[in-house]
**Student:** 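Have a look at this one before I ask anything.
In what follows, chains are A, B, ... by sequence order, proteins preceding strands, each numbered from 1.
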There are 2 protein chains.
Amino acid sequence: MAVDTALSERKLIILKAIIQNYLETGEPVGSRTLTKYTNLNLSSATIRNEMADLEDLGYIFQPHTSAGRIPSDKGYRLYVDMLMDEKEQEITERENGLLEKTDKVEKVLRQAAKVLAANTNYATMVSSPVNNRNTLKFIQLSQVDAEQIVAVIVLGGNVIKNKIIEVGETLSNENLLKLNMLLNTTLNGMSIDQITLGLIARLKEQAGIHSEVVGHVLDAVAEIIHIEDDMEIYTSGATNIFKYPELSDKQSAQEIISAFEEKQQLADLVTETLASENSHGIQVYIGDETPVKTMKDCSVVTATYELGEGMKGTIGIIGPKRMDYEHVMRTLKTLQNELDAIYNKDPKE
Amino acid sequence: MAVDTALSERKLIILKAIIQNYLETGEPVGSRTLTKYTNLNLSSATIRNEMADLEDLGYIFQPHTSAGRIPSDKGYRLYVDMLMDEKEQEITERENGLLEKTDKVEKVLRQAAKVLAANTNYATMVSSPVNNRNTLKFIQLSQVDAEQIVAVIVLGGNVIKNKIIEVGETLSNENLLKLNMLLNTTLNGMSIDQITLGLIARLKEQAGIHSEVVGHVLDAVAEIIHIEDDMEIYTSGATNIFKYPELSDKQSAQEIISAFEEKQQLADLVTETLASENSHGIQVYIGDETPVKTMKDCSVVTATYELGEGMKGTIGIIGPKRMDYEHVMRTLKTLQNELDAIYNKDPKE
DNA sequence: TGTTAGCACTCAAAAGAAAAGAGTGCTAAT
DNA sequence: ATTAGCACTCTTTTCTTTTGAGTGCTAACA
């Protein structure tokens, strides 16, 4: 609890008490309450003086004259950065089974969002991992019927893409075999952004068979490979915001819940998070700090997880500013670890 | 406007006026208002007498003594069944392009939900089509690497399922070829529910190669085929309910929006709709009639669409009971037609 | 007999008034 | 530097009053 701040030890104690009390009750906290809540034996009058100072410094404010004080964004920020007790020890202990392992990534992520919401009583989101530096592991074209070919592409992390390609004329069996061979020998192990249009053009020449069909099919393959992994976002507990009066007036509720339904804004949030420096740590956005304007009256806490082979995704919690940051960060860390572990060759299994 | 009801012509006119006025204003409607709103030249006193009768018969009621009348569920029902003017003519006219055609069914459906919400100001849902009587069109196993096989299954309507199968030992190339041959010759053209476990067991014997791997792989294949087509449900405009005071108190709003987030209840609704007799017509559930209890204070209007080859899905609108049924039903019909047309070989293109 | 004017009555919603309570800032004493 | 004391400020709650829409019923009317 280093103090290179301008704040005296005593002010810090009082500020911490104010914030903790406010987190618990949601009510502005007054000087009398603090005399009981802290163990410095001071009268309410003294506390009042300190509070006046803290207000001048911008850490707390009064919703109206003659009400207690509420933490400002700056106050919360200080709290999260320096004042909060982090109970690190517990993290490792409870690292067991919130999630069931299943082979469908989608299911796991859905469940993750749910678990998170159930554990915290806030709104939660989990993004599917994206990675353009992913590598191609296997590719195969098969003839479904006279006019259709199905292309199946397996990427690292066992992400499977596929698509039906409509072809005018039938492709001979030998040609198909040749194509498959060619594609696999050339492309396997390459990362997706290495597979450029130029490369495909060269492939077309090498293909030897100069039929139009082959060209068409190769174009289609290129297209499939580059189709944006449209990031999925799973959400849960959006209606938890109704539990917090400061967010549940019609206006706010509508905005926030819309954001959860439309998901575009959440996607922006994810992008932002992944881009940020401190990736793989935990990020806390308080009020206006949030990259998404809709959530300017909320706090957003996010973490990045990694499903092997550099596929990163984000898990996040959105709630009121008076959020139980400790608990949220702990839960998020736990889940982050589980996700990190679940698809990586985990020593335990 | 046949009258085999016990209601006199005049009572019907008054009831209709009450309902239409209430749909417009959302306020209980009183006798004086009706003297102006209708063109039967009657005094408010006479109207009051008629209203008293209508109330006795259960078509309208007062939210409290000394308020105007509001339609009951029974009243709405009568309105929808007999009183409403249906402007059929317009339907055909505007049957153009609310939706952009794209090859991703998912995108179209997402968009459909959005368009519907934008056009009606209610909450909307669109289910992806499901069909267990779908037939298997093509199946292929391919070796991805030493320990993984990818199984690709193409169903009618070009629905593609796939999964990675983990195998302990490598399957020889010839065996794989044999298996593929066997699977395709036996299963192609069969409907999914014809492919029973017994059939797979027999296949195992025929497989000839009695290695464990083959058995394992076949089991996996059976599993994939039978994995429930998890019906996707796309929603839009859930927050529109905030526009209707009767649904936007915290309690109701939370319940309804949760239903939209969790989607399980919507899925039940879809199942119900598809099962019902009058499929491919339009169904109107008023209040308690709704199969989903959460929506007992709403009206739900649904329609079934068909994406070729018997793949049926549902589109639906959820709003307050005082919903603009005419407009909703018209919009729903339009969209239903568009969806029906968009993937069926449409003569126009 | 069906219709209507008239009137007393009911009840919700809006507006106002009063009381209670929490908390503050400041001053003066310790 | 701390604190007791007090006047003051605002919100919140409660109670009362007023307003207004709408009803049901009765008695008169065509």
Side-chain angles (χ1 to χ4, degrees), chain A residues 6-15 17-22 24-72 75 245-246 248-249, chain B residues 6-15 17-22 24-72 75 245-246 248-249:
Chain A
L7 293 175
S8 70
E9 189 76 20
R10 196 168 73 179
K11 281 196 174 57
L12 286 176
I13 292 174
I14 292 175
L15 179 56
I18 292 175
I19 297 182
Q20 288 188 333
N21 190 283
Y22 185 65
E24 284 170 23
T25 66
E27 299 291 319
V29 1
S31 52
R32 274 214 54 213
T33 316
L34 288 173
T35 58
K36 294 174 215 149
Y37 200 82
T38 62
N39 47 12
L40 355 117
N41 275 346
L42 292 174
S43 75
S44 62
T46 313
I47 305 259
R48 272 205 290 288
N49 287 329
E50 294 286 47
M51 287 169 89
D53 290 351
L54 284 169
E55 177 152 10
D56 286 343
L57 294 168
Y59 292 106
I60 53 180
F61 69 97
Q62 297 180 274
H64 54 265
T65 6
S66 92
R69 304 305 209 289
I70 285 183
S72 66
E246 62 266 51
S248 55
D249 62 300
Chain B
L7 292 175
S8 71
E9 189 76 18
R10 196 168 75 180
K11 281 196 173 59
L12 286 176
I13 292 174
I14 291 175
L15 179 56
I18 292 174
I19 296 181
Q20 288 188 333
N21 191 282
Y22 184 66
E24 283 170 23
T25 66
E27 299 291 320
V29 2
S31 52
R32 272 214 56 210
T33 316
L34 286 173
T35 58
K36 294 173 214 149
Y37 200 83
T38 62
N39 48 9
L40 354 118
N41 275 345
L42 292 176
S43 75
S44 61
T46 313
I47 304 260
R48 273 205 290 288
N49 287 330
E50 295 287 47
M51 287 169 91
D53 289 350
L54 284 169
E55 177 153 11
D56 286 343
L57 292 168
Y59 293 105
I60 53 180
F61 68 99
Q62 297 179 277
H64 54 264
T65 5
S66 92
R69 304 305 210 289
I70 285 183
S72 66
E246 63 266 51
S248 55
D249 61 300

**Student:** Could you tell me whether B:N39 atom CG has more than 12 heavy atoms of other residues or ligands within 6.0 Å of it?
**Tutor:**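 Counting neighbours around CG of B:N39, 12 or fewer heavy atoms of other residues, nucleotides or ligands fall under 6.0 Å, so no.
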**Student:** From the list C:dT3, D:dC10, D:dT2, which nucleotide is the closest neighbour of the side chain of A:R10?
**Tutor:**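 So the nucleotide nearest the side chain must be D:dT2.
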**Student:** Any side-chain N or O of A:S43 below 4.0 angstrom from OP1/OP2 of D:dT3?
**Tutor:**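 So the side-chain polar atoms of A:S43 do come within 4.0 Å of the phosphate oxygens OP1 or OP2 of D:dT3, strictly under.
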**Student:** At their closest point, which heavy atom of B:L34 faces which heavy atom of B:A17, and how far apart are they?
**Tutor:** CD2-CB, 3.8 Å
**Student:** Given atom CD1 of A:I14 and atom C1' of D:dT2, what is their separation to the nearest angstrom?
**Tutor:**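 For the pair A:I14 CD1 and D:dT2 C1', the rounded distance is 13 Å.
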**Student:** Between atom NE2 in B:H64 and atom C1' in C:dA12, what is the gap in whole Å?
**Tutor:**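 After rounding, the gap between these two atoms is 5 Å.
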**Student:** How long is the line joining CG of B:N41 and P of C:dT3, in whole Å?
**Tutor:**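 Computing the B:N41:CG to C:dT3:P distance gives 12 Å.
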**Student:** Taking CG from A:N21 and C1' from C:dG23, how many angstroms apart are they, rounded to a whole number?
**Tutor:**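 Answer to the nearest Å: 14 Å.
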**Student:** Looking only at heavy atoms, which two atoms of B:M51 and B:V29 are closest? And how far apart?
**Tutor:** CE-O, 3.5 Å
**Student:** Quick one: A:K11 NZ to D:dA1 P, roughly how many Å, whole number?
**Tutor:** 11 Å
**Student:** Between protein and nucleotides 13-26 of chain D, map the contacts as a letter string: B base, S sugar-phosphate only, - none, heavy atoms under 4.0 Å, written 5' to 3'.
**Tutor:** --------BBBB--
**Student:** Given B:D53, which partner from the list B:R69, B:R48, B:K11 fulfils the salt bridge (Lys or Arg N to Asp or Glu O under 4.0 Å) test?
**Tutor:** B:K11
**Student:** Please report the distance, rounded to the nearest Å, between CD1 in B:I70 and C1' in C:dA12.
**Tutor:**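 It is 13 Å, rounded to the nearest whole Å.
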**Student:** In whole Å, I'd like the distance from the CG atom of A:L40 to the C1' atom of D:dT3.
**Tutor:**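 That distance rounds to 15 Å.
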**Student:** Looking only at non-hydrogen atoms, find the nearest pair between A:I19 and A:P71 and report the distance.
**Tutor:** CG1-CG, 3.8 Å
**Student:** Closest approach to the side chain of A:L42, judged atom by atom: which nucleotide of C:dT4, D:dT2, C:dA12 is it?
**Tutor:**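 The listed nucleotide nearest to A:L42's side chain is D:dT2.
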**Student:** Does a sphere of radius 6.0 Å around CG in B:D249 hold more than 12 heavy atoms from other residues, nucleotides or ligands, not counting ones at 6.0 Å or beyond?
**Tutor:** yes
